[in-house]
Amino acid sequence: MFPARVKAILGPTNTGKTHLAITRLLAHASGIIGFPLRLLARENYDRMVAAKGERYVALITGEEKIVPPEAKWFACTVEAMPLDRQAEFVAVDEIQLCADPDRGHIFTDRLLNARGLVETMFLGAETIRPLLQRLVPQAEIETRPRLSQLSYAGPAKLTRLPPRSAVVAFSASEVYAIAEAIRRRRGGCAVVMGRLSPRTRNAQVALYQNREVDFLVATDAIGMGLNMDVDHVAFASLQKFDGHRPRMLTPQEAAQIAGRAGRGMRDGSFGVTADCPPLPDEMVEKIETHHFEPLQTLAWRNSDLDTTSIDALLDSLALAPNQPGLARGNDATDHITLEALSRDQDVRKLATSRARVRLLWEACQIPDFRKLADDSHTKFAAKIFTHLVQDGALPSDWVASQIAQLGNIEGDLDTLMSRLSAIRVWTYVAARADWVRDATRFQSEARAAEDAVSDALHERLTARFVDRRAAHLIRRLDETEEELLSAVNRKGEVVVEGHPVGHVSGFVFEPDASAANEDERKLVLRAARRALVGEMPRRVTALEAAKDEEFALTPTHRITWEGAEIARLKPGPTPDKPQVDVLQSEFLDGAQRERVRAKLAAWLEALIAREFAPLTVVEEKAAEDNTLRGPAFRLREYLGLVPGGTEAEVNPELRQKLKAIGIRAGRFALYLPEVLKPRPMALRAQLWALKAECIVPTLPGGGLVSIQQPEGWPRGFAATMGWVQAGPVLLRLDVAERVAGELGHLTRRAPAMLPLDVASRLGVKADALPAVLNALGFRLLPAEPLAEDAFGPPAPAMVGTRREEHHRGARPRHQQRPQRGAGRPQQPTAAPQDGTPAESGAAGEAGATGETGAEATPARPDQRPPRRDGQRHQGKPSRGPREGGRAPRPQEGQPAEAREGNRPPREGRPEFRQGDRPRGPRDDRPRGNRPFDKREGRDNRGNEGRTYSFDTPKPAQSADPDSPFAVLAKLKLNKG
C-alpha cells in the first residue's frame, strides 16, 4: 500500500487553488474539504451538486447538515469536518488561518491530524511555507503564481469609482453609510457581511453578478474565497476590530482582500476611497509583488482532552504546545464559557461523570453568533446542559416556541440581523439529533425561519441601498452613445428605457419624487434630456395654437397653461398694461421663449380689453366733451372705480352728463357699474395685488350685499374692490349708493319715516341697522312714546340726516365765514336723543350734505310722516329754511328752541343755512373719502403701511389767511 500523499498548494489569490482542490476531490471516490466560512462551504456545495448530484454530495456546517445516505463528497466548515469518516481525499482551504489567535487552533489541528486515505491537500498563502515544512515535513509544496496582475490605483472619491468595484469597510455602520452614499450617487449597490445568512448573501451577490448594480459594499468577509466579477477593490478604512481591540490591517490581510480584484486572466486594481488615507508605499509594494513576512507561530490548543471532571478538562485545555512553531492563542468562546460554568455549583453537581462532562463541553461549544457581550450565552449553555441531563433531551415546546418567535420578519436591518444570528444558534442546536426528540421537524422549522428572515433582510437591503432604475440608466448612459429609448406620454410623464424618470410641467422638467437628492436629479435629468429636446418645440407650437380658455391666472400672479405655471406677471407702466415674464427653462432657447411671451402677452391684453370693455366705450363717449375727459381718465387709471365721494368735485350738471355715458358719481366713489361684476372685479383685484406686490386676496362670492371684514385683506382693499365700510359690515358699493341716495332724498328737508325694507336691502340685522345708517350719514330716530290717553299704533321709526362738526368740503372752524343772515338768531338742530349712534365711518361723512346721490329716487307720498297734535318729529330736522324762506313758527306752550328741536349756536361757530354750500379747500373732504397719499404712507384711517392706490393725489391746499375772503370773514365775525 502506498503512503498517503500530502501536498500544499500555496500562492496569492486568483491562482486557481480552490478550483484545483474541487477537481481533485471529485476525481476520487470520496472526499472531504473544509472551508473557513459557511458561505464558502455553501457556495462550493452547490458547485459539487451541479457536478455529482444531490444524492452524493453532503453539506455539514454548524447550522446545516445535509447528509444523504449515499453521500460520498462532503463540503464542510473546518470546525464541522467529520474526521471520524474515512475518505480518499481530504483538503483544507485557507490553511494560513492557523495563525489566527481565535480560530487558528482548529486549522492547526487539521494541519497536524486530518489526512485522506490517498491524498491530502492544504491550500493557502505562501507565508505558511516555513512552518508547514517544519510541522509536516513529508508535504510536497507547490507555489502557484497569480493569473493576473494586481496594481495600486490610489485614492478615488465614491463618485469616481469605476463600475464593478467593491468597497470594503469593517463595521456595519460604515457599510450602511457607504452603501447609502453609493445609492444616492451611483444608483445602488449590493451588501455582503459575515453576519448574513448564505441565502441573503447569495441574493445580494446575485444583484451584483447579474449587473443590476455595479458596486458591492462588504466587510473583509469577501477576502475568503468569494469569487465575483470584481475589477477594483477600494478600502474605506484600514482599521478593524478583531474581537478584542481595534488594530490596523496587516499587509497580508490587505492583500487577501485586495486580491478579490481581477478574475481569471483579467487584471485588477486596488486603492482607497472615502476618508481612508492612502496606503503606505511599503504596503503597496508588498501587495503588488505578493511578498510578505513568513508566519512565526501557529495557534494551538490541546485536542486530547481529559473529561474525567470539569477541572481536568480545564487543565487539559490549558496545556502548552510541545513543538516549536506552535503557541497558545486566545481563549476561545467555548473555553471561556466552560470556565464560567465551572463556578456554577448547580452545574458542578450535574457534571459527575465522563459522559456528563463531555456533554457539558459540547454545550459550551455552541457558537455565540449573537455576540451580546454579556452572560446570556453562558446562561443559555447552562440551560441546554441542565435539560439534557435532567430530561434527556430539550423540551419540544421550548424549542418550537423559540424558533417560532425568531421567525418574525418585521423590523429594520439591525433587528433582522440580530434575529438571524439568534436563529443560527437554534439551527445549530436543532442539527444535533441527540439533543432534540424530533430533529427533522425542528431542523425544517429553523431553516424555514432562517429563510424567511433572510428573504426579509434581502428585501430591506435592496429597498434601502438599490435603485434599479438609476443603476440601469447610469449603465446605459456610460456604456452606449446610442440614443436611449425615451418618450413623453400624454400625461407628461417622461419614460427612458422603460423607467419613469419624471414629468413635464409646462416647459419645466420635474424629476421623479424618488430622486431625493441633487445627484439623483442630475442623473435623471441627464437621462431625460434626450427625450425633452424633441418634446419642447412641440409644446411651444401647441401653446401658440391653444385657446384662451386654456390659460389662467393664479393668486401668486403666475400664468398657467394646462394647469402648469409657465410665466409670471410683472408690474407695467400702467395698471392695465402688466408685463409677461416666461419662467426659466433650460429646454427653451431665446427664440422659443419670445414666441411663448408674445402669445401670453396677446392673451393677457385681450383678456383685459374684454373685461374692461365698458371703460373703452366710456372713453370714446367722453372724447366729445372736454368736461368728461378728466373723470374718464381717472377711471382708466383706477380700472373703473375711484374710491372717495364726488360731491365736492362734481356739480349736478356734470353728474348728469356722466350718468348719461354710464358713469356714476356717487357719495362714496366714482365708478362704472359694469366693473362691479364678478369677472371684471376679479381681474381688478389681480392687477391691484400685482401693483401692491402681494398675493391676491380672496373675494367674496357673487350676490352678497353685505359682508363682515374678511381676515387678511390689506388696508384699503375693500374700498378699492367696491365695498363701503358701514359700521360693523362692508356694503356693496352700488347698494350703498342706491340706499343712501334714497334716504338722502327722503330727509332732504326734514326727518322722514324709515322705509321698512332698508335692513333687508342692506343685508344687515335690525340690531346693526343704527350703526350702518350712522356710517352712511344718517341717524335712526326712535319714535316718541304716546301719551297715556293717546290712541292708535305707536309712531314709526324716523330717519334723519346726521350733522357733523366738519361737513364734507367745509373749511376748518377758524377759516369759516359767516353765512348770510348771521345777524339774526337761528336755532340749530336739537342734539340726538339717547341711544342714537354717534360713530361715523368714512362713508358716513360722504352723505352729510343730505343731497341726493347718483341713484336717488323721489320719495313716495305715503312715506311722509303724519302730523299729529302734540307730536313733534324726533331727531334732527333739516338744516333750516330754503334760500329766502322763513323759519318755522314756534308752537304754543313750548320754548322756541325746544319746539324747533334746535340748539343755540355754539360760541364762535357759524351756522350754515340750507342751500349754502361751504367753500372749503378741495381736499378738506372727510378722511374716509380721501384717496391714499403715498407720500405720507397712510391709509384713510391714518394707518401707515401698504395700501391699494395707483396714483399720488395732490396734497390738500389750505386757504390763504390774507385773501379778501378771509379778511371779510373776520370782519363779519367781529361785527357779530
Visitor: Please report the interatomic distance CZ(F215) to CZ(R164), rounded to the nearest 0.5 Å.
Guide: 9.5 Å

Visitor: Considering non-hydrogen atoms only, spot the tightest contact between L161 and A156 and give its length.
Guide: CD2-CB, 4.0 Å

Visitor: If you measure from the Lys or Arg side-chain nitrogens to the Asp or Glu carboxylate oxygens, is any gap between R47 and E43 under 4.0 Å?
Guide: no

Visitor: Within the structure provided, determine whether V217 and I182 are in side-chain contact (heavy-atom separation under 4.5 Å).
Guide: yes

Visitor: Is any side-chain heavy atom of L40 closer than 4.5 Å to one of T18?
Guide: no

Visitor: Given salt bridge (Lys or Arg N to Asp or Glu O under 4.0 Å), test D455 with R199 step by step and report yes or no.
Guide: CA-CA 8 Å; D455 292 341; R199 187 181 183 93; 2.7 Å; yes

Visitor: A quick test of your reading: do over 12 heavy atoms of other residues, nucleotides or ligands sit less than 6.0 Å from CD of E142?
Guide: yes

Visitor: Should R447 and E450 count as an ion pair when the cut-off is N to O under 4.0 Å?
Guide: no

Visitor: For L25 and W73, which heavy atoms make the closest approach, and how far apart are they?
Guide: O-NE1, 3.2 Å

Visitor: Restricting to non-hydrogen atoms, name the atom on T219 and the atom on G194 that form the minimum distance, rounded to 0.1 Å.
Guide: OG1-N, 3.7 Å

Visitor: Measure the spacing between CZ of F292 and CD of Q96 and express it to the nearest 0.5 Å.
Guide: 11.0 Å

Visitor: Heavy-atom count around D275 CG within 6.0 Å, excluding the residue itself: above 12?
Guide: no

Visitor: Would E253 and R247 satisfy side-chain contact (heavy atoms from CB on, under 4.5 Å), going step by step from the backbone distance to the final call?
Guide: CA-CA 12 Å; E253 291 172 329; R247 64 174 178 82; 2.8 Å; yes

Visitor: To the nearest 0.5 angstrom, please state how far the CD atom of E565 sits from the OG atom of S505.
Guide: 7.5 Å

Visitor: Are there more than 12 heavy atoms of other residues, nucleotides or ligands under 6.0 Å from atom CD of Q239?
Guide: yes

Visitor: Taking it one step at a time, do S418 and R370 satisfy side chain to side chain donor-acceptor pair (under 3.5 Å)?
Guide: CA-CA 7 Å; S418 298; R370 294 175 296 177; over 6 Å; no

Visitor: So, the side chain of R183 versus the backbone of C189: is there a donor-acceptor pair under 3.5 Å, distance only?
Guide: no

Visitor: What is the minimum heavy-atom distance between A431 and G62, and which atoms define it?
Guide: CB-O, 4.4 Å

Visitor: With K52, which residues qualify under side chain to side chain donor-acceptor pair (under 3.5 Å), at least two apart?
Guide: none

Visitor: Pairing donors with acceptors under 3.5 angstrom, does anything connect the side chains of S454 and D451?
Guide: no

Visitor: Quick one about T13 and R146 (side-chain donor to acceptor, distance below 3.5 Å, no hydrogens or angles considered), yes or no?
Guide: yes

Visitor: Are there over 12 heavy-atom neighbours, none belonging to D281, within less than 6.0 Å of that residue's CG?
Guide: no

Visitor: Taking CD in E54 as the centre, count heavy atoms belonging to other residues, nucleotides or ligands within less than 6.0 Å. Is the count above 12?
Guide: no

Visitor: Are side-chain heavy atoms of Y208 and V192 found at a separation under 4.5 Å?
Guide: no

Visitor: How long is the span from the NE2 atom in H19 to the CG atom in N14, to the nearest 0.5 Å?
Guide: 12.0 Å

Visitor: Within the side chain of N210, is there an N or O that forms a donor-acceptor pair under 3.5 Å with the backbone of E212?
Guide: no

Visitor: Check whether any side-chain heavy atom of I95 sits under 4.5 Å from a side-chain heavy atom of L111, and report yes or no.
Guide: yes

Visitor: Run the numbers on Q252 and L295 for side-chain contact (heavy atoms from CB on, under 4.5 Å), then give the verdict.
Guide: CA-CA 10 Å; Q252 172 62 40; L295 299 175; over 6 Å; no

Visitor: Might you point out which heavy atoms bring A236 and V167 nearest each other, and give the distance in Å?
Guide: CB-CG1, 4.0 Å

Visitor: To the nearest 0.5 Å, how far apart are CZ in R593 and CG in D589?
Guide: 10.0 Å

Visitor: Side chains of I128 and F122, heavy atoms from C-beta outward: is any pair under 4.5 Å?
Guide: no

Visitor: Looking at V205, is its backbone amide N or carbonyl O close enough to the side chain of Q209 to form a donor-acceptor pair, meaning the two atoms are under 3.5 Å apart?
Guide: no

Visitor: So does D267 get a backbone contact from the side chain of Q149, meaning a donor-acceptor N/O pair under 3.5 Å?
Guide: no

Visitor: Indicate yes or no for a side-chain donor-acceptor contact from R424 to the backbone of P367 under 3.5 Å, with no hydrogens or angles considered.
Guide: no

Visitor: Under the rule for salt bridge (charged side-chain N to carboxylate O under 4.0 Å, His left out), what residues qualify as partners of D220, not counting sequence neighbours?
Guide: K240

Visitor: Is the shortest distance from a Lys or Arg side-chain nitrogen in R266 or D231 to a carboxylate oxygen in the other one below 4.0 Å?
Guide: yes

Visitor: Kindly indicate, with the supporting measurements, whether the criterion salt bridge (Lys or Arg N to Asp or Glu O under 4.0 Å) is fulfilled by E94 and R103.
Guide: CA-CA 12 Å; E94 304 293 352; R103 299 176 61 206; over 6 Å; no

Visitor: Backbone N or O of T61 within a donor-acceptor pair of the E64 side chain at under 3.5 Å?
Guide: no

Visitor: Does F107 form a side-chain contact (heavy atoms from CB on, under 4.5 Å) with L298? I'd like the steps, not just the answer.
Guide: CA-CA 9 Å; F107 288 82; L298 303 182; over 6 Å; no

Visitor: Would I9 and R144 satisfy side-chain contact (heavy atoms from CB on, under 4.5 Å), going step by step from the backbone distance to the final call?
Guide: CA-CA 7 Å; I9 309 299; R144 306 192 67 166; 3.3 Å; yes

Visitor: Please round to the nearest 0.5 Å and tell me the distance separating atom CD of E459 and atom CG of L416.
Guide: 10.0 Å

Visitor: With a 4.5 Å cut-off on side-chain heavy atoms, are I566 and V582 touching?
Guide: no

Visitor: Taking C-beta and beyond as the side chain, do H290 and E126 meet within less than 4.5 Å on heavy atoms?
Guide: no

Visitor: Verify, without hydrogens or angle tests, whether R38 (side chain) and E63 (backbone) share a donor-acceptor contact under 3.5 angstrom.
Guide: no

Visitor: Answer yes if the side chains of K17 and T15 hold a donor-acceptor pair under 3.5 Å, and no otherwise.
Guide: yes

Visitor: Residues two or more places apart in sequence or in another chain: which of them pass side chain to side chain donor-acceptor pair (under 3.5 Å) with S151?
Guide: none

Visitor: Return the minimal non-hydrogen interatomic distance between L10 and A125, and the atom names on each side.
Guide: CD2-O, 3.6 Å

Visitor: Answer yes or no: is there a donor N or O on one side and an acceptor on the other, between the side chain of R42 and the main chain of N202, under 3.5 Å?
Guide: no

Visitor: Taking R186 for its side chain and L158 for its backbone only, find out whether a donor-acceptor pair lies under 3.5 Å.
Guide: yes

Visitor: Please work out whether the ring planes of Y152 and F270 are parallel, tilted or perpendicular, with thresholds of 30° and 60°.
Guide: tilted

Visitor: Using a 3.5 Å distance criterion without hydrogens, assess whether the side chain of D93 forms a donor-acceptor pair with backbone atoms of F35.
Guide: no

Visitor: Can you find a pair of side-chain heavy atoms, one from P294 and one from R129, that are under 4.5 Å apart?
Guide: no

